[in-house]
Amino acid sequence: MEAKTKATLIHWFRKGLRVHDNPALMQIFTTAQAAPKKFYVRPIFILDPGILDWMQVGANRWRFLQQTLDDLDKQLRQLNSRLYVVRGKPIEVFPRLFKSWNVELLTFESDIEPYAQTRDAAVQKIAKAAGIKVETHCSHTIYNPELVIAKNLGKAPITYQKFLALVEKLKLAKVLDKPEKLDALTQPSRDELEQENDKVYDCPSQEQLVKKPNELGPNIFPGGETEGLRRMEDSLNDELWVARFEKPNTAPNSLEPSTTVLSPYLKFGCLSSRLFYQRLKEILAKHPKHSQPPVSLVGQVLWREFYYTVAAAEPNFDRMLGNVYCLQIPWQEHPEHLEAWTYGRTGYPFIDAIMRQLRQEGWIHHLARHAVACFLTRGDLWISWEEGQRVFEQLLLDQDWALNAGNWMWLSASAFFHQYFRVYSPVAFGKKTDPQGNYIRKYCPELANYPNKQIYEPWLATLQAQREYGCVLGEDYPHRIVKHELVHKENIKKMSEAYKINREVRTGKQEDSMLNDDNDELEDDRSATGKRKGNKAAGAAKRRRK
DNA sequence: GTCGGAGTTGATATG
DNA sequence: ACATATCAACTCCGA
């Protein structure tokens, strides 16, 4: 067959949905450019229609992905290429493509997530059997998590400061520009494309990807590399702001974001974290008196690196059981409270406003995440962080396996952070940066007529006043589901107890746990919320020490 | 093994 | 507006 005379080079996009600073894409471009008569270039994205139904992805993130793929296709076309969106499962798609496209080389960006590792190992195996070369590149993070762990003698650093000390000694990879425009010969001819009906590789429309369009909110953060780069430049424009940035001094409840909102773009790799880091460093060099990690902007990027590193060493990073980092805490199930939290109906206006902003817009400030995460777990509701993780996983544009789990463990004082007696007040915390309650008035409009004095605590208003404000508790807005001033103290005691038990298991009686270790490894109940037997917790806690 | 200091971002009262 | 002490007390790390 004539088509066999030319070989195809594939770059497989997964995360890293960009053309700039993309070493795996660069590899096939430069290889083809060196011998355009020999190679076709085909950048692909694999879309499994099956996952649209079960994956924990809300409408807003589907839209973000759709817009990102659209933009990626445009960027590639400017380079004389295009995006081939292939429908199917990777293990079914690749054998087909390898054959019909006469593939010689496959490149992709490495990924530490367990599901990705399993998928990639399967694809590697298929490629090896077909005699196809595979090259992977680490470019989703600034530092390679595996290298950081190796540098720390095979163990992930579990404190941020330790992590900083480690990476300071590591070399930075060179940030790449976007590739040169390809020679036209690297593209299949019009005839060939028509023969294989290339329309099947077109980007999905919003209708195809967003199955529940009624759940879409305002499109405040459109997806794509172009928008990611634009947003970065916009943020970097004010150099003094960049140099003086301190996260704790930014407001969680401003009406316009007080931080960069680059997280969705970093999550999908629309924006290279390595480019952002380089640009930040260039600016800071001009401003000797700048803020420092952990609170600085560079510090924020390095938090992402920290969580990627610890997560890379633990396949159970998103669960309490069998997770080396995670304290075993007897969280309790409470479906009504979980539902109230999930949909912003706790009766605490600050908490509810945050949860509603999350649902509508797909992004909330980091400290807002703190407030609602503390409230769900150790602060008020005593519900497992895994439940909160699930809700965030669905609603956040920037949903990221490592960061989401890591931050939930942090906030619930299950790992990395241990000062559980520091509890956020669902009333006082927001008042510091928004005493007028404008944020609440926007996202909980039924409360808009409450005076400043009662907007954070509507239960202080008399029934007559509630009627006057046009919002009666129990009718127009819920009564608060718990009394924070009582419950948070009880929860601190529960945390103290849980810590004590974990400590005892760690240091003392380990005899009974020996027997159960193997069973724990087989534990696979992802919905478990901690109603565990004592010896199971003992086994899990014991492994934390290894 | 023990001890003290540090730890991205608490709330509150007091100066 | 900002700084400090108190609350009751965690883990990790390095000396």
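Letters A, B, ... are given to chains in the order of the sequence lines, protein chains preceding strands, and every chain is numbered from 1. Note that the structure is predicted; figures quoted are calculated from it, not measured.
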Mind checking if A:Ile492 touches a base, just sugar-phosphate, or nothing, with heavy atoms under 4.0 Å?
nothing
For B:dT9 versus C:dA1, give the span between their P atoms, rounded off to a whole number of Å.
23 Å
note: A:Gln328, atom CD; C:dT11, atom C1'; distance rounded to Å ~ 16 Å
Here the distance between atom P of C:dC13 and atom CG of A:Leu164, to the nearest Å, is 14 Å
Using the P atom on both, measure C:dA9 against B:dG7 and round to a whole Å.
23 Å
A:His418 atom NE2 is separated from B:dA6 atom P, nearest whole Å, by 17 Å
Requested in this report: Could you tell me whether A:Trp410 and A:Trp303 have their ring centroids closer than 6.0 angstrom?
Outcome: yes
A:Leu166 atom CG is separated from C:dC13 atom P, nearest whole Å, by 11 Å
Carefully, step by step, assess A:Glu485 and A:Arg480 under the rule salt bridge (charged side-chain N to carboxylate O under 4.0 Å, His left out). CA-CA 12 Å; A:Glu485 60 274 24; A:Arg480 54 179 180 161; 3.1 Å; yes
Margin query: I'd like the P distance from C:dC12 over to C:dA8, given in whole Å.
Written below: 24 Å
Between CZ of A:Arg369 and C1' of B:dT8 the distance, given in whole Å, is 15 Å
Considering only atom P, compute the distance from B:dA6 to C:dT4 and round it to an integer number of Å.
15 Å
query = With a 6.0 Å cut-off on ring centres, are A:Tyr308 and A:His140 close enough?
reply = yes
OP1 or OP2 of B:dT8 under 4.0 Å from side-chain N/O of A:Gln161: yes
Parsed dot-bracket for DNA chain C after applying the Watson-Crick and G-U rules with both distances under 3.5 Å and | for other-strand partners is .||||||..||||||
Check: Distance only, no hydrogens: is a donor on one side chain within 3.5 Å (strictly under) of an acceptor on the other, for A:Glu361 and A:Tyr443?
Finding: yes
TODO: Flag the pair A:Phe221 / A:Phe64 as yes when their ring centroid distance falls below 6.0 Å, and as no otherwise.
DONE: no
(request) Report yes if the ring of A:Trp303 lies under 5.5 Å from the six-membered base ring of B:dT8 with planes under 30°, and no otherwise. (result) yes
Can you pull every protein N or O that's under 3.5 Å from an N or O on nucleotides 3-5 of chain B?
none

- request: Please find out if less than 6.0 Å separates the ring center of A:Trp408 from that of A:Phe392.
  value: yes
Going 5' to 3' through nucleotides 9-15 of chain B and flagging B where a protein heavy-atom sits under 4.0 Å of the base, S where only the sugar-phosphate is that close, and - otherwise, we get BBSS---
Quick check, are the ring centers of A:Phe276 and A:Tyr265 under 6.0 angstrom apart? no
*Should the pair A:Phe317 and A:Phe416 be assigned to parallel (<30°), tilted (30 to 60°) or perpendicular (>60°) ring geometry?*
tilted
| said: Under a plain distance cut-off of 3.5 Å, with no hydrogens placed, do A:Arg304 and A:Ser273 share a side-chain donor-acceptor pair? | reply: yes
* Asked: Parallel under 30°, tilted from 30 to 60°, perpendicular over 60°: which one fits the rings of A:His484 and A:His488?
  -> parallel
note: A:Leu297, atom CG; B:dT8, atom C1'; distance rounded to Å ~ 13 Å
**Request:** Kindly assign one of parallel, tilted or perpendicular to the pair A:Trp382 and A:Trp331, based on the angle between their ring planes and the thresholds 30° and 60°.
**Result:** tilted
Rounded to whole Å, the CD-P distance (A:Glu504 to C:dC10) equals 13 Å
A:Asn502 CG to C:dT11 C1', in whole Å, measures 12 Å
Practice item. For B:dT8 versus C:dG14, give the span between their P atoms, rounded off to a whole number of Å. Key: 14 Å
message: Ignoring hydrogens and geometry beyond distance, is a side-chain donor-acceptor pair present between A:Gln389 and A:Asn404 at under 3.5 Å?
response: no
